[in-house]
Each structure stands twice: as C-alpha cells, then as structure tokens.
Peer 1: 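Provided herewith is a single structure, encoded as structure tokens, for subsequent inquiry.
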Amino acid sequence: MRLSRYFLPVLKETPSEAQIVSHRLMLRAGMIKQASAGIYSWLPLGFKVLRRIEQIVHEEQIRAGHIPMLMPTLQSADLWRESGRYDDYGQEMLRIKDRHDRDMLYGPTNEELITDIFRAHVNSYKDLPLTLYHIQWKFRDEIRPRFGVMRGREFLMKDGYNFDIDKDAALHAYNRHLVSYLRSYERMGLQAIPMRADGGPIGGDYTHEFLVLAETGESEVFYDSEITDLKFGDRAVDYDSVPECQAVLEEFTSRYARTDETHDAAVFEAQVPEARRRSARGIEVGQIFYFGTKYSEAMNATVVTDTGARVPVHMGSHGIGVSRLLGAIIEASHDERGIIWPEGVTPFHAGIVNLKQGDSAADAACEGLYKAMVAKGLEPLYDDRSERAGAKFATMDLIGLPWRITVGPRGLEKGVVELTSRRSGESEEMSPEAAIDRLTQIYG
RNA sequence: CGGGGCGUGGCGCAGCUUGGUAGCGCGACGGUUUUGGGUACCGUAGGUCGUAGGUUCGAAUCCUAUCGCCCCGACCA
C-alpha cells in the first residue's frame with residue numbers, strides 16, 4: 001500500500017476522552033473512531049489488525065479440530081425464554097422489537113442458538129465429539145463502557161461450544177481449548193496466563209480466564225512468579241491425545257494463579273513461597289468453561305448412547321475477546337512514540353520511508369523495493385508522501401510497524417538501505433535485496 | 001443507577017466568575033521550500049458557542065429543561 005493512496009487519519013493531538021494508552025494510540029493512529037458510547041467504527045488500519053487477529057484465531061481453532069460457522073447477531077427471545085436466561089440476563093441484554101412486535105435481542109452470547117442448532121440435527125453419540133465456533137459481533141449494554149475497545153458495548157468475540165457424550169469427553173474439549181488458546185495468544189505476541197476464575201452459578205473448578213498482565217488491567221490477579229516463565233513455544237501437541245492435552249493443562253494451571261474473584265490469601269501463602277508471590281493487574285482476553293448439561297437439559301438437547309439410552313449432552317463454551325485483544329496487545333507493547341506491533345498481528349509487514357521524495361534515485365529504489373516485497377508475499381506500507389523525514393518517522397513509529405526500511409540518496413550511492421527494528425530501535429545497513437531476504441525470513 | 005466533570009470551526013483548548021454578538025494552537029486549503037532524521041515556512045478560509053425554552057435593550061457567558069460524552073463506584077469478554 002502506498003500511503004498517499006491510503007486512508008490513515010493520524011492525529012497529532014490526543015482526543016480528550018481517551019484515558020488509557022491503548023485507546024489514545026488507537027485514536028491517534030487512525031485505527032478507530034467512536035460512533036457512540038462503547039461503539040466504534042474500525043478504520044482501515046484498525047480493521048486490518050482486527051482481521052489478522054481473527055485469522056490467527058481461526059487457524060488455531062481449525063488446527064484444534066473445531067469447526068467454523070456463523071450465527072446471526074439478532075436472535076429471537078423465544079430461545080432465551082426456553083433456557084430461562086431471557087429474564088436472568090437483565091439490563092445488559094439489548095432487547096429490540098421488530099415490526100410485528102416480536103421480542104428480539106442483539107446476542108450477548110450464543111449458547112441458546114447453538115444448542116438449538118445442535119438438537120435439530122444431532123441425535124446420536126456417533127456424531128460426537130463436536131465443537132462448533134464462530135467469530136461474531138456481540139452486544140452487551142454495559143452500564144459504563146470505557147477504555148475504547150477494551151470495554152465496548154459492541155465487541156467482536158470468538159465463541160466456541162463443545163458437545164460431548166460425557167464429562168470426561170467434555171473435559172478433554174476443555175483442555176483442547178486451553179491448548180489452542182495458549183498457542184493463539186503466543187502467536188499474537190502475548191503472554192496470557194490461564195487463571196482460575198469464578199465458576200458462577202455452576203461452580204466447580206472448570207473455568208479459567210486468560211489474563212494478559214498490564215498495569216491498566218481491570219482485574220487484580222495473584223500468581224506464582226514461576227508461571228510467567230512458562231512458554232508454550234513451538235511444541236506440537238496432538239489435539240486428539242487426551243494425555244497430551246491434559247499434560248499441558250497441568251503444566252499451565254498447577255501453579256497458583258487466580259483473579260481476585262477466586263483469590264484465597266491463605267491458600268496463596270501456603271502454596272507459594274513469599275519470594276515468588278506476585279500481585280498485579282490483568283486484562284481478561286479469554287475464558288473457557290465447562291458447564292455440563294445446564295443448557296442441554298433446559299433445551300432438551302440429547303443424544304442416544306451406544307446402549308440406546310437418551311442422555312443430555314455435556315457442553316462447554318469458550319471465548320476469546322477478539323476486538324479487545326487489540327487494546328490488550330497495545331497495552332502490552334508500546335512506547336512513548338507509539339504502538340509496537342508484534343510481527344504476528346502487524347497491519348503491514350514493514351514500512352518503507354523515502355527520505356527524499358522526488359529524488360529520482362530514491363523514488364526508483366523505493367518503487368523497486370515495494371514491488372519486490374509484494375512479489376515475495378510481503379505487505380509493505382510505502383510512505384511516498386512529500387513530507388520531511390521526521391514526519392514520516394513519527395508516523396511510522398506511531399502506527400507501530402515492527403520493521404522500517406529507510407531509503408535515501410546517500411545510502412543508495414553506497415548501494416545500501418537501512419533496516420530498523422521498531423522494538424529495539426537498532427538499525428542496520430544492507431543492500432535492498434538483503435533487507436527483503438531478512439524480512440522474508442522474519443515473516444517466514 | 002449513585003457521585004464528579006465536560007459539550008465553543010475537523011482535533012486540542014481559552015473566553016463564562018464580573019452579559020456588550022468569539023480567540024489561540026494543530027489540522028485543512030493556497031503558495032513557498034526539493035527536502036537525510038523525529039511531524040518545515042508564509043498566507044487564506046472555516047464557528048450564530050450541543051439542543052430547546054426563559055431572563056435581558058443585549059446571552060458562549062445568567063436560569064430551566066433536554067440530549068450527548070468522559071471520569072470514580074457497583075457489573076462484565
């Protein structure tokens with residue numbers, strides 16, 4: 001993309017409503033524009049990052065054997081009456097009437113709808129296990145939306161639902177989700193720690209929230225410092241292997257890590273040596289949940305077993321806050337000059353800065369680089385505006401592309417351009433070809 | 001919903017206490033500069049001050065209502 005033809009409305013000054021750094025930077029970098037309280041338009045740059053995150057989530061869910069689909073944002077109230085949640089959900093659910101005066105709602109989640117689909121089409125244990133998911137906009141009419149996309153009313157969420165024959169099988173689905181989530185977050189350059197969360201009315205140990213540590217997090221968390229040393233890394237886990245998934249769960253959840261909802265100071269002190277006790281703040285970016293037969297019983301979602309008995313299916317639901325992740329990533333990765341995107345989610349792979357726009361050698365070199373990168377499957381953002389060098393650097397730093405190639409007549413006389421890491425700030429001179437090779441390797 | 005605050009050119013703000021029909025910076029536009037390092041220089045245009053009532057000779061300024069937005073709290077991915 002050539003910047004002169006793109007739509008990137010960056011701001012020099014920070015709009016006054018933005019209180020936290022991710023919100024400020026998203027507004028300044030021209031990623032979002034507020035449409036109304038807690039509701040945002042996604043401008044091209046923000047939309048691009050949103051799509052990258054969504055893509056990672058899709059890839060990792062499909063890798064885990066989960067099946068993508070899409071359910072609507074608007075739902076009929078009838079299903080929710082059936083589960084009993086139409087009355088339970090309260091003011092947070094946005095209720096709407098259509099022209100025939102039928103009660104509708106903008107879905108805050110999809111347990112009812114998915115269960116309805118399941119019961120209509122699945123009748124036998126032979127069709128299990130089954131995990132369906134989608135990535136769709138949700139609406140929760142928060143009393144007080146804040147922090148930009150971190151707590152919007154409308155937000156994009158991946159929600160997945162597993163259907164299994166019994167509790168053991170459903171717990172394997174739970175473990176599988178945990179593994180796939182660890183992978184997903186690491187690909188986004190995030191460390192998200194699974195923490196024991198509030199079981200809600202169902203109770204039990206079978207829910208974990210994934211928290212990204214950040215000063216601006218809304219939850220207070222308590223954990224054993226050893227947990228931050230754990231890395232999922234490149235390991236290949238067989239998602240069909242019960243013991244392998246179980247082992248990952250045990251590795252990542254055996255140490256003390258809880259949100260304030262479940263924190264127990266006595267247990268904390270008993271289990272964790274004082275030197276390793278940490279309290280911090282965290283941003284919740286996902287949650288996994290096994291809830292048994294709560295919905296299948298209420299909504300009569302049953303299957304016939306191999307002995308001919310009809311039993312309610314065991315279910316769980318598993319969510320990743322996709323739009324919130326943009327905020328979480330920025331909170332975890334920025335400096336005073338702007339955003340620093342991890343390579344996994346960057347909107348463009350590298351920026352090309354032409355130091356002397358209008359200089360025929362520099363212009364030609366930039367064009368050449370641009371085309372060569374595109375040919376290699378890289379997506380560069382070429383700043384071809386007639387701006388001064390400083391203005392171009394400031395824009396690149398603000399929008400946070402992890403790599404920048406700087407091109408000017410002086411370097412070109414020596415046959416070199418400069419490759420700069422946004423994160424470290426370090427620059428290295430090399431030939432344009434070498435720079436492309438390096439980037440191809442990084443993004444390989 | 002309880003408490004606090006704010007709505008003034010696209011954005012950030014001043015003016016309001018002590019009414020006399022708006023001002024600054026950024027941006028935009030036009031021109032200049034052909035430009036090598038952190039957002040150039042000069043100039044121009046652009047606002048009946050959220051909205052509706054009221055008080056007054058006169059309202060951005062005072063009063064009432066209303067809408068919107070932000071912050072703290074309770075609630076949530």
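Reckoned from all heavy atoms, side chains included, excluding hydrogens, waters and symmetry mates. Proteins get letters first, then strands, A, B, ... in listed order; numbering begins at 1 in each.
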Peer 1: Please find out if less than 6.0 Å separates the ring center of A:H66 from that of A:H318.
Peer 2: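 Not under 6.0 Å, so no.
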
Peer 1: Could you check whether A:S323 gets within reach of a base, just the sugar-phosphate, or nothing at all, counting any heavy atom under 4.0 Å?
Peer 2: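 No contact at all - A:S323 keeps every heavy atom at 4.0 Å or more from the nucleic acid.
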
Peer 1: Whether A:K12 contacts B:U39 is assessed here as follows: a side-chain N or O lying under 4.0 Å from the phosphate OP1 or OP2. Is that the case?
Peer 2: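 Checking B:U39 against A:K12, no side-chain N or O comes under 4.0 Å of OP1 or OP2.
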
Peer 1: Checking all strands, does A:R404 fall into the base, sugar-phosphate, or nothing category for heavy-atom contacts under 4.0 angstrom?
Peer 2: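 Counting heavy atoms under 4.0 Å across all strands, the contact made by A:R404 includes a base.
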
Peer 1: Would you indicate what A:G327 reaches in the nucleic acid, counting non-hydrogen atoms under 4.0 angstrom: base, sugar-phosphate, or nothing?
Peer 2: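 Nothing, no heavy atom under 4.0 Å.
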
Peer 1: Just to verify, which of A:F139, A:F155, A:Y89 counts as forming a ring-ring contact (aromatic ring centres under 6.0 Å, His included) with A:Y106?
Peer 2: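 Result: among A:F139, A:F155, A:Y89, A:F139 is the only option passing the ring-ring contact (aromatic ring centres under 6.0 Å, His included) with A:Y106.
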
Peer 1: Between protein and nucleotides 70-76 of chain B, map the contacts as a letter string: B base, S sugar-phosphate only, - none, heavy atoms under 4.0 Å, written 5' to 3'.
Peer 2: SBBBBBB

Peer 1: Using atom types as modelled and distance alone, determine if a side-chain donor or acceptor of A:N162 lies under 3.5 Å from a backbone N or O of A:G316.
Peer 2: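 Checking the backbone N and O of A:G316 against the side chain of A:N162, a donor-acceptor pair under 3.5 Å is found.
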
Peer 1: Rounded to the nearest 0.5 Å, how far apart are CG of A:L190 and OH of A:Y185?
Peer 2: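 Interatomic distance, A:L190 CG to A:Y185 OH, rounded to 0.5 Å: 8.5 Å.
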
Peer 1: Within the structure shown, what part of the strands sits under 4.0 Å from A:G408 by heavy-atom distance: base, sugar-phosphate, or nothing?
Peer 2: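 Base contact.
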
Peer 1: Name the nucleic acid region contacted by A:P409, choosing base, sugar-phosphate or nothing; use a 4.0 angstrom heavy-atom cut-off, strictly under.
Peer 2: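 Result for A:P409 = base.
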
Peer 1: Record whether the side chain of A:E418 comes under 3.5 Å of the base of B:G37 through a donor-acceptor pair of N or O atoms.
Peer 2: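 Under the 3.5 Å cut-off, the side chain and the base do form a donor-acceptor pair.
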
Peer 1: More than 12 non-hydrogen atoms from neighbouring residues, nucleotides or ligands closer than 6.0 Å to CD on A:E379, yes or no?
Peer 2: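 Enclosed.
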
Peer 1: Nearest-Å distance, CZ (A:R337) to P (B:U39)?
Peer 2: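 In whole Å, B:U39 P and A:R337 CZ are 11 Å from each other.
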
Peer 1: B:C41 and B:C6: how far apart are their P atoms, nearest whole angstrom?
Peer 2: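 Comparing P positions in B:C41 and B:C6 gives a spacing of 34 Å.
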
Peer 1: For the pair A:F268 and A:Y256, name the ring-plane relationship: parallel under 30°, tilted 30 to 60°, perpendicular over 60°.
Peer 2: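 Judged by the thresholds at 30° and 60°, the geometry between A:F268 and A:Y256 is tilted.
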
